[in-house]
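Report on the following structure.
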Amino acid sequence: MTLASALQRQCVHQAMKSLKIGVLGLQETREDTEPLVVRQGVWRFASKGEHGQLGCQLWVDSTRPAGFTASGDSVPWQLDTFAARFMHPRLLLISGQFGSIKCLFIVGHAPTSTSPDEVINAWWDLLREQVNRHIAGHVPLFMLDANARFDKSEEPTGLNAHRLAACLEAWHLARTPAWDNGHAITTWRSPNGKQACLDYVCVPADWQVGLNRPSTHDILDVNAGIDHKLLKVSVAASLIVARKARLTRLDVEAIHSPAGRIELQRILNQAPQVPWEVDVDDHLHVLNCYLNSAIAQSFVRPREAARSPVLSHHTMTCLQQRRAARFVHRCRRQRLERLQAYIYFMAWREACGHGQSRQLQHASARQQRRNLQKKLAEHFLRMRELNKELKRTHQRDQAVFARQMYQDARAKGPRHLAHVLRAVLRTGRRYKAPRMAPVLEIDGQMEQDAARVALAFGDHFAKAERATSRQLQEVLLEKRAQARPAEEVDLHSAPTLAQLTRAFASMPARRAPGLSTLPPDIYCRAPLQMALAHMPLMLKLAARDVAPMLWSGSIAIPMAKPNKAHHEPAGFRSISLFEISSKAVARSLRPELSKGLEAITLEGTAGARTGIALGVPALVTQTHLQRLHRSATSGAVVFVDGASAFYSTLREYLLRTDVQNAEAWLDDMPISLELRLRIGRVLRSGSLMKEIGLPETTQRMLEALMRGTWFTVNAEDTSVRATLAGTSPGSPVADSLFQLIFVLSLRGISEHLAAMGIGAQIHVPGHVEDTPLIPTWMDDIAVLIQVTRANELIRAVSATSAVVKQQLAIIGVNINLQRGKTEAMLVFKGPQAKAERHRLWIEDNGVIPFKVPGEMDSHICCTDQYVHLGSLRTCSAADWKDIDRRAKLAEPTFVKVRAHILRNHNLTWDERKGLLISLVLRKFMHGANTWTLKTQRERAKYESSYMSFVRRAMRPMTGLSTKLLSDEQVCDYLQVLQPLQALAVERVRLLLQIAHAGPRQLQLALVAAQAWIVAAWHDLQLIGRLVGENVPECPKETPSCMKAWNDVWKTPAATARFLRQARGKWLQIAGVARPAVKAKAEAIRGIDETPAFLIKLRGDQSSQPFACQICSRSFSKACALASHMAKTHQQPALATRIRVGSTCEVCQRQYWTSKRLREHLRHSLRCCRIYHQADMASDLADKPDNAHLPQTRLIGPQPWWATQAPDKSPTPPDVALASTPTTRDTLLSSFCQLADPKQLQGFFNVWVGSVEESPKATEEKWRPPGPCANSVQQLAMLGMIVFDPVQQGRQFASLQQGKCKAVCTGQHLLVGEAADLTLERCHAWLSAIEGA
């Protein structure tokens, strides 16, 4: 059942709803879609096709129950249990559950009976293998296009039928019959009209009694009348099912309404007053029970049927007419075949001399054949008309549905509109794609049982947190035993009611709840009442030194990691969901914790600190690489990735408890004795929270929240995982607590760099020495290394890697040394740099070994590029690759936005433009604030990438083309910032952030590197002039740069206001130019709609001296002409044509990529000559992963042909590199080649250039010697003639000759048919084009 088009999918969906089908299996869908898509309550599971063919799908209607109880209650499908077991173009296995019954749905498509026996047997063997692997504990339900035929006695005929019968016997199944009382059940009809039963539904043999008589149904779609029919079967079986209690679904949107807020405040005002002597757990239990009960009564979600697009009556009529036309066509074709056979047999009879002549009958038969052939030919015209009309009416139906959907969404508010847009685009951070239940491989078996899968996830997640399986009561008793109640509590240092209210108000809405299932919305919509209800509980926590068990625990949700194997627990990460009330209490403690963290944190540390943006640590790394290149100094960046850092951090540094367990754990860690003794002293000296000066009450509350922590994967399980490590990931203070412990490791790394003298520091005379800068963002570290000599770099990286591994080990974090995780990027400069680079990449294979005490030798991999904080960093510190990467990442989003948003006129202009900027341009501009664009190539790449999105948004938003519009004009019309303006805003924002709170070492390093600060300071001066502010000159030297940084200091609010004014000014200027641009675009559209051709007469031809000999196009550079010849005329350069592989056999050098070999052949004439005369086929295979490897000498014998010394005749020049002079011969050749109007622009480029070489000698202007051979040459002749009076000073000239006409101004030439080029119309068009 083909589902290639939206209309076909909608027809099948409508048939499924009208026939009341609960589960539908489809084969040969030919749809390239996601594995799971949800449409109007129907869950569509799909396997991808192959080369536009095959593909299986299973559709489950979640709005229809799986069955009914004896009392008539419905038993729904448990959609969270559905999982993909196996996906293949011809086979799809999906497991699901209703109640306690587990089902295995098998949708299969067997090869046709004409396929070789090996192919047929291979598919049935695959089916048997996969079903045997997954059938245990499941009820199998088969929906097969088996291509199997059975005779009237239901005996198999053919290999497919015999294999199907064997499967039925092996699995004790019963199938639907192929015959009904001697009549065949037709499920398939070929285009020739042949009918057969090829499709079967198979159920357990025990269910055969309830297997009702099958029925077939035609689906009225574009393939109606041919292909497969729908085989519908209903099964009645009595089963014992254990049902889960249906949870009450809350109407979250009602909570956010004004009436809902009033109702919520009423509920909280009536909350029970719990006495002081009640335990904290009982206190929270009473409060949560009351809230659950009251919320469930007041905010019950009404059951609403999902709306689906409806096909109009006109669309249904077109489908019926199409089906009837196919039926008539099939009958006529069959009659024509019979008539043709009759004519042949009658001719045969007469030729043999049998019987009397029947010429009259022959003439009548031939006339009938001609009539039938004419009708068959007319059928295709009729079908084409019906197809066009069907497409138009279906698009009209979709537009009506979309318009009503968006009107309803806009009426419900911006949040609902945003939800609809996310559902349409299926992209963005807030979009939640439908997920299938995980299926894990446990003990060699694929397991989906929720309990066993949860146990496997729990065991995996417990490793990082050193968790053990305990009963909840044991954890509670141990937690209370460790509590130290206080006789007095200093309430002055405890969070105030205002702080707790602010914390509740900051809780994000519409998020997942914790174990109590209370939605976050009730906490943030009534923050004051919630604070009043929880304030006594928070005071109990501070006084009794014990937190409620629910506040110390969380539920761990496994989330699939991208590009990982999802059949094992390692392919998932843990997402902890805490109680919202617990998060609010922790959030109220964050201000004091952040204040203390600022007192001891190192410069460059970011992530948990306010005012330090992501761009700051990213710029530190990029500036270090730029400074190494500018100063010709060797150095490196070691990018460190910690494995489950937040989950495995030692919390003993924060808790005032017995440290013997931590010291025993450290004894087994691979660290030196000196480091072990130092950390032991730190542990015994007391809590780090005390060191940063946290108030006593704040310390007690944080310790109580972190003591006795636990998590569970299954909320119904009585046992939990008691954790011993981690900073409670998911808590609002988890990042601050982690960075507080992280300081210990960063200090050790910094001291190591300073002691060895390899830290990246800027020394300023007369100033106190700063510690080496280590940029971090949360647990992402970039260690910067700088050495004086190149031969010291590898040793420095090795020593630093060992220290980093040990320093992270002391806080419980292991580093991931896999490729793409922890890697080193080395920059060799100065003497011996070439030898050291060769040693690293060729001799050591890009690996640097290092050793830590008590552990086997480890190694760190080296790389020439690394994705750091979302930006691609390279050894050359160039921005080219990062720009290209960001453009590729933004492209899929742009495709969806253009298809579903920009073309959607149900959204306003501002809404569409805002979504283009927020979803596409901002994604592309991520990390752009660190770009320098030092070369013209990088700047052109950035501008072209930025404008590729803006230009392609022009037509869907306005209906106008960007033809002949400059980049500035396109941005002016769409009211978006120009590329350099958008980049200036990003760089200036980061510059002012660094001036406000950036590390001093970064400020010095930027001045020393000069590359980025010069560009950013230029942008700052540009914006300053725009808004009327004075900006000092860019600092040039590090000793005196601090004054300039102080002069541009701004608060964050002032920075935002400053940039907002700049954007407003730029858009205001664009708004002034917008009417002229609109007139120009509309004029160009008018010319395109008229059979006329607009030619731009360039005034300066000296900038484009290189012309193509084939199409007369001219270019400014030889490389541009060469690219044109290769792409347009398939004539690549000589070096490209003769290169083979990546090695030069002549000079015995390995260049690793064919691109580098091509550059070598371009510059080495001897090698190029030998390769050219060797006459070998070119090999364009390339391996870009080896582009960073240095060239090296080959080892081994040299080929015979590479040892030859051919004659030193000049190498044939490349056609692509030849400059074409504007001579009369060239003009004659170009004129004679004119046959396409597209060639006129290139011809006039050359002709105008020749005229401007001698503008006064008009009598010498070139004219064709003979008559014009075609209309294109005639148009060119008129253009050359009408150009004379314009060159002599006239502003407007026109000339008509026959049906052709030419109109010329000083800048443009318009040629075409005279009937369409009236003077008024041409004058209006050209005035609009030249006036913009």
Side-chain angles (χ1 to χ4, degrees), residues 278-289 451 454-485 513-517 537-538 540-558 574-583 585-586 644 646-662 664-665 687 700-731 733-734 737 812:
V278 175
D279 183 72
V280 290
D281 291 295
D282 295 337
H283 188 146
L284 183 61
H285 177 71
V286 170
L287 191 57
N288 284 349
C289 287
L455 182 62
F457 278 127
D459 294 339
H460 175 68
F461 297 152
K463 295 176 183 177
E465 299 185 72
R466 293 188 290 146
T468 56
S469 180
R470 307 273 298 277
Q471 290 296 319
L472 194 61
Q473 188 66 22
E474 297 179 16
V475 180
L476 175 61
L477 295 177
E478 183 177 342
K479 179 177 181 146
R480 291 181 177 178
Q482 296 176 356
R484 296 173 298 174
L515 286 165
S516 68
T517 69
L537 187 58
M538 188 186 71
K540 286 183 180 181
L541 181 151
R544 301 176 185 179
D545 197 30
V546 60
M549 285 296 294
L550 202 59
W551 283 8
S552 300
S554 63
I555 180 170
I557 304 297
S574 173
I575 303 297
S576 299
L577 301 180
F578 279 79
E579 278 300 299
I580 306 301
S581 53
S582 170
K583 296 173 69 172
V585 172
S644 303
F646 278 53
Y647 294 90
S648 58
T649 307
L650 285 178
R651 65 178 64 160
E652 280 78 5
Y653 294 105
L654 302 175
L655 302 177
R656 292 173 291 187
T657 58
D658 188 6
V659 298
Q660 292 182 356
N661 292 334
W665 187 81
S687 169
R700 290 174 57 84
M701 295 178 68
L702 286 172
E703 290 178 0
L705 289 172
M706 295 184 62
R707 191 184 302 118
T709 56
W710 54 274
F711 76 89
T712 182
V713 182
N714 185 3
E716 299 178 357
D717 197 354
T718 57
S719 62
V720 297
R721 308 283 177 154
T723 62
L724 299 177
T727 57
S728 301
S731 171
V733 294
L737 294 175

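In this chain, residues are counted from 1 in sequence order. Hydrogens, waters and symmetry mates play no part in the numbers below; they use all other heavy atoms, side chains included.
- Take Ser728 and apply the side chain to side chain donor-acceptor pair (under 3.5 Å) test, not counting sequence neighbours, and it matches no residue.
- Note on Lys540 versus Asp279: no salt bridge recorded, every NZ/NE/NH1/NH2 to OD/OE distance being 4.0 Å or above.
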* Arg707/Asp545 under salt bridge (charged side-chain N to carboxylate O under 4.0 Å, His left out): CA gap, chis, key distance, verdict -> CA-CA 10 Å; Arg707 191 184 302 118; Asp545 197 30; 3.5 Å; yes
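- Using a 4.5 Å cut-off on side-chain heavy atoms (C-beta onward), Tyr647 and Ser574 make contact.
- Residues that satisfy the side chain to side chain donor-acceptor pair (under 3.5 Å) test with Arg544, not counting sequence neighbours, are absent from this structure.
- Here the closest non-hydrogen pair linking Glu703 and Leu654 is OE2-O, 3.6 Å.
- Contact between Ser552 and Leu705 at its shortest, heavy atoms only, is OG-O, 3.9 Å.
- The CG atom of Leu472 lies 9.0 Å from the OG1 atom of Thr712; values are rounded to the nearest 0.5 Å.
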* To do: Take Thr709 and Thr723 through the side-chain hydrogen bond (donor to acceptor under 3.5 Å, both in side chains) test and state the conclusion after the steps.
  => CA-CA 6 Å; Thr709 56; Thr723 62; 2.5 Å; yes
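- Between Leu476 and Arg480 the shortest side-chain heavy-atom distance falls below 4.5 Å.
- When the side chain to side chain contact (heavy atoms under 4.5 Å, CB included) test is applied to Ser516, the partners found at least two apart in sequence or on another chain are Asn288, Leu518, Leu550, Glu579.
- Here the side chains of Leu737 and Met706 are in contact, with some heavy-atom distance below 4.5 Å.
- Taking the side chain as every heavy atom from C-beta outward, Lys479 and Met549 approach each other to under 4.5 Å.
- Closest approach of Gly553 and Phe578 over heavy atoms only: O-CD2, 3.6 Å.
- A distance of 11.5 Å separates CG in Leu541 from NE2 in His283, rounded to the nearest 0.5 Å.
- With sequence neighbours excluded, the residues satisfying side chain to side chain contact (heavy atoms under 4.5 Å, CB included) with Ala715 are Leu515, Ile555.
- Interatomic distance, OG of Ser554 versus CZ of Arg721, reported as 13.0 Å (0.5 Å rounding).
- Applying the side chain to side chain contact (heavy atoms under 4.5 Å, CB included) rule to Ala725 yields the partners Arg466; only residues at least two apart in sequence or on another chain are considered.
- Evaluation of the salt bridge (charged side-chain N to carboxylate O under 4.0 Å, His left out) rule for Asp282 yields no partner, not counting sequence neighbours.
- In this structure the side chain of Leu284 reaches within 4.5 angstrom of the side chain of Leu537, judged on heavy atoms.
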